[in-house]
Amino acid sequence: MSGTLKDIIARTREKVPALGLTMNGQKLVYLDNAATTQKPKQVLDFIQKALTENNANVHRSMYELSDRATTAYEAARKKVCEFINAPSVENIIFTSGTTASINLVADTFCRSLSIGDVILIEADSHHSNIVPWQLAAQRVGAIIKVIPTDIFCGRGKSGRLVVEEVEKLLTDRVKILALTHISNITGLHNPVKEIISVARAKKIPVLVDGAQGVVHSKVDVQAMDCDFYAFSAHKIYGATGVGVLYGKKELLEQLPPYMGGGDMVETVSYEKTTYASLPLKFEAGTPNFIGAASLTPALEFAEYLFSGDVGETLKAEEQKITQYMLDILLRDNDVELYGTPETQNMGKSPIFTFNIKGINAGDIAQLLDKMGIAVRSGMMCAEPLLNSFGATSALRASFAPYNTMEEAEYFVSCLNRARKMLS
Ligand code: PMP
């Protein structure tokens with residue numbers, strides 16, 4: 001490791017206290033970042049300080065403490081707005097997570113659909129970009145159709161979205177298209193911008209699940225031209241229980257409110273209520289205002305990871321780790337990897353989901369845990385995709401920019417030890 005790389009990685013890891021933990025007597029190697037990321041000290045300190053010094057309900061009171069809480073909450077909205085290049089803070093709604101953001105759109109948008117209308121989703125969707133649409137479709141008699149993934153290419157199972165099918169599937173009956181920016185199983189980057197331009201020509205609105213996308217790529221919602229973009233704070237170094245829904249103003253204005261309650265109203269009588277303007281129309285009740293406010297330091301940390309010398313160095317290291325993992329997993333005849341980039345240009349984030357012939361993924365995960373390694377096993381909330389690969393569970397190692405090549409090598413050697421123990 002070169003001096004600069006070593007220094008940058010050491011400095012970065014020092015910022016994230018959990019990376020220094022010991023698990024089962026071993027140094028923790030945290031490779032479950034697609035599920036949630038570890039928090040930098042700046043987020044932890046911010047939350048502690050906010051709970052101590054800025055804790056009062058937002059948007060409600062005339063006293064200084066409440067003012068401070070409101071200011072921090074609205075500053076985070078501004079930070080999110082800049083981070084994804086939204087036109088205005090009115091486009092940014094705080095929710096409790098990606099799941100809540102998608103449910104909000106599925107529920108409110110689909111109320112106006114009719115029997116036989118089509119909601120088009122992707123085969124590589126997370127459950128939270130499938131089930132809300134099913135619930136909404138059932139209420140109005142709409143139909144769910146699916147853009148397939150290509151599962152039979154090359155070594156490993158490609159998992160590429162069959163983009164060529166999109167044009168054909170976008171019929172007049174399609175009322176909304178729900179895309180995945182980056183799959184939490186394959187790590188493959190879907191060409192959302194290109195797909196959106198096809199949908200745009202047919203005036204079909206598009207929601208993008210950015211739970212992984214916002215973490216692994218620079219998102220510009222205006223350049224992408226999506227109508228909705230959803231993500232979770234906890235996957236991008238922020239608090240749990242906080243999410244973001246970006247929406248185009250004209251669409252958000254047309255949608256009916258999702259939940260009713262305090263803060264989302266303008267006037268209320270027993271007979272009739274008028275609603276607050278955007279974004280508060282969709283923020284009923286006391287929000288997780290401290291968690292949401294902590295998006296400011298969380299996104300600052302994300303910016304630190306992605307910009308300047310640090311960003312370049314960490315990006316280069318991440319690419320090396322990705323190549324190393326792909327080489328190891330693809331040349332192993334007993335490994336079935338789900339998500340292989342077919343060309344050099346096809347983006348793949350360092351998310352590796354795979355099975356080893358004849359060995360249960362959960363058993364491997366348990367043995368790895370004894371060696372200090374945290375990886376996910378199971379369905380990863382993408383049962384239809386895993387089933388289409390012929391799998392009922394899998395192992396997933398997902399890296400963040402604070403992970404190192406040494407950790408990747410340690411993972412591979414422990415994986416081999418675990419296999420020997422289990423075969
Ligand atoms: N979509 C994708 C692609 C995800 O990876 C996840 C989290 N695993 C979600 C949606 C749901 O996110 P949350 O549980 O934070 O709502």
Side-chain angles (χ1 to χ4, degrees), residues 30-39 43 80 84 93-107 121-135 146-147 149 159-161 177-190 192 195 206-217 219 224 226 228-246 258 282 287-288 291-292 294-295 298-299 302 338-339 347-353 374-386 393-400:
Y30 184 75
L31 298 179
D32 196 16
N33 294 284
T36 199
T37 49
Q38 297 303 334
K39 313 307 167 207
V43 169
V80 171
I84 59 171
I93 293 155
F94 285 129
T95 66
S96 64
T98 309
T99 305
S101 299
I102 298 174
N103 272 278
L104 188 162
V105 177
D107 183 291
I121 64 170
E122 287 184 15
D124 60 355
S125 300
H126 186 276
H127 292 167
S128 62
N129 208 12
I130 300 174
V131 187
W133 300 110
Q134 288 174 339
L135 292 170
V146 184
I147 308 171
T149 50
R160 182 183 75 87
L161 194 70
L177 170 60
L179 298 178
T180 302
H181 193 176
I182 296 178
S183 158
N184 68 313
I185 297 287
T186 65
L188 296 179
H189 297 209
N190 288 323
V192 285
I195 300 174
V206 185
L207 172 138
V208 179
D209 171 354
Q212 303 296 337
V214 77
V215 187
H216 295 286
S217 68
V219 173
M224 190 185 280
C226 54
F228 302 103
Y229 194 92
F231 66 93
S232 302
H234 71 98
K235 291 189 199 280
I236 189 155
Y237 320 111
T240 43
V242 178
V244 170
L245 174 67
Y246 157 82
Y258 178 46
F282 292 105
N288 182 352
S294 76
L295 264 165
L299 296 181
Y338 311 119
K348 172 161 172 103
S349 290
I351 298 175
F352 306 94
T353 304
V375 287
R376 179 85 189 269
S377 62
M379 285 287 191
M380 272 69 77
C381 297
E383 188 173 347
L385 180 68
L386 274 191
S393 85
L395 196 72
R396 181 182 71 188
S398 54
F399 292 70

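Atoms within each ligand, like the ligands themselves, are counted from 1 in listed order.
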> Write 'none' if nothing qualifies; otherwise put on separate lines each N/O atom of ligand 1 with a protein N/O atom under 3.5 Å away and their distance to 0.1 Å.
from: ligand 1; atom 1: 1 (N); to: D209; atom 2: OD1; distance (Å): 3.2
from: ligand 1; atom 1: 1 (N); to: D209; atom 2: OD2; distance (Å): 2.5
from: ligand 1; atom 1: 5 (O); to: Q212; atom 2: NE2; distance (Å): 2.7
from: ligand 1; atom 1: 8 (N); to: H126; atom 2: NE2; distance (Å): 3.2
from: ligand 1; atom 1: 8 (N); to: K235; atom 2: NZ; distance (Å): 2.7
from: ligand 1; atom 1: 15 (O); to: S232; atom 2: OG; distance (Å): 2.7
from: ligand 1; atom 1: 15 (O); to: H234; atom 2: NE2; distance (Å): 2.7
from: ligand 1; atom 1: 16 (O); to: T98; atom 2: N; distance (Å): 3.4
from: ligand 1; atom 1: 16 (O); to: T99; atom 2: N; distance (Å): 2.9
from: ligand 1; atom 1: 16 (O); to: T99; atom 2: OG1; distance (Å): 2.6

> Can you tell me how far apart CD1 (I351) and NE2 (H216) are? Round to the nearest 0.5 Å.
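Nearest 0.5 Å value for the CD1-NE2 distance: 4.0 Å.
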> Tell me every residue that passes side chain to side chain donor-acceptor pair (under 3.5 Å) with N33, counting only those two or more places apart in sequence or in another chain.
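With sequence neighbours excluded, N33 shows a side chain to side chain donor-acceptor pair (under 3.5 Å) to Y402, N403, given in chain and number order.
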> Side chain to side chain contact (heavy atoms under 4.5 Å, CB included) with D32: which residues, sequence neighbours excluded?
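For D32, the residues satisfying side chain to side chain contact (heavy atoms under 4.5 Å, CB included) (neighbours in sequence not counted) are Y30, A35, R376, R396, S398.
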> Got a second to check how far Y246's OH is from I93's CD1, nearest 0.5 Å?
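Going from the OH atom of Y246 to the CD1 atom of I93 covers 11.0 Å.
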> Report yes if the side chains of F228 and V208 come closer than 4.5 Å at any heavy-atom pair, otherwise no.
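No, side chains not in contact.
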> By ring-ring contact (aromatic ring centres under 6.0 Å, His included), which residues pair with Y237, not counting sequence neighbours?
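ring-ring contact (aromatic ring centres under 6.0 Å, His included) list for Y237, sorted by chain: F301.
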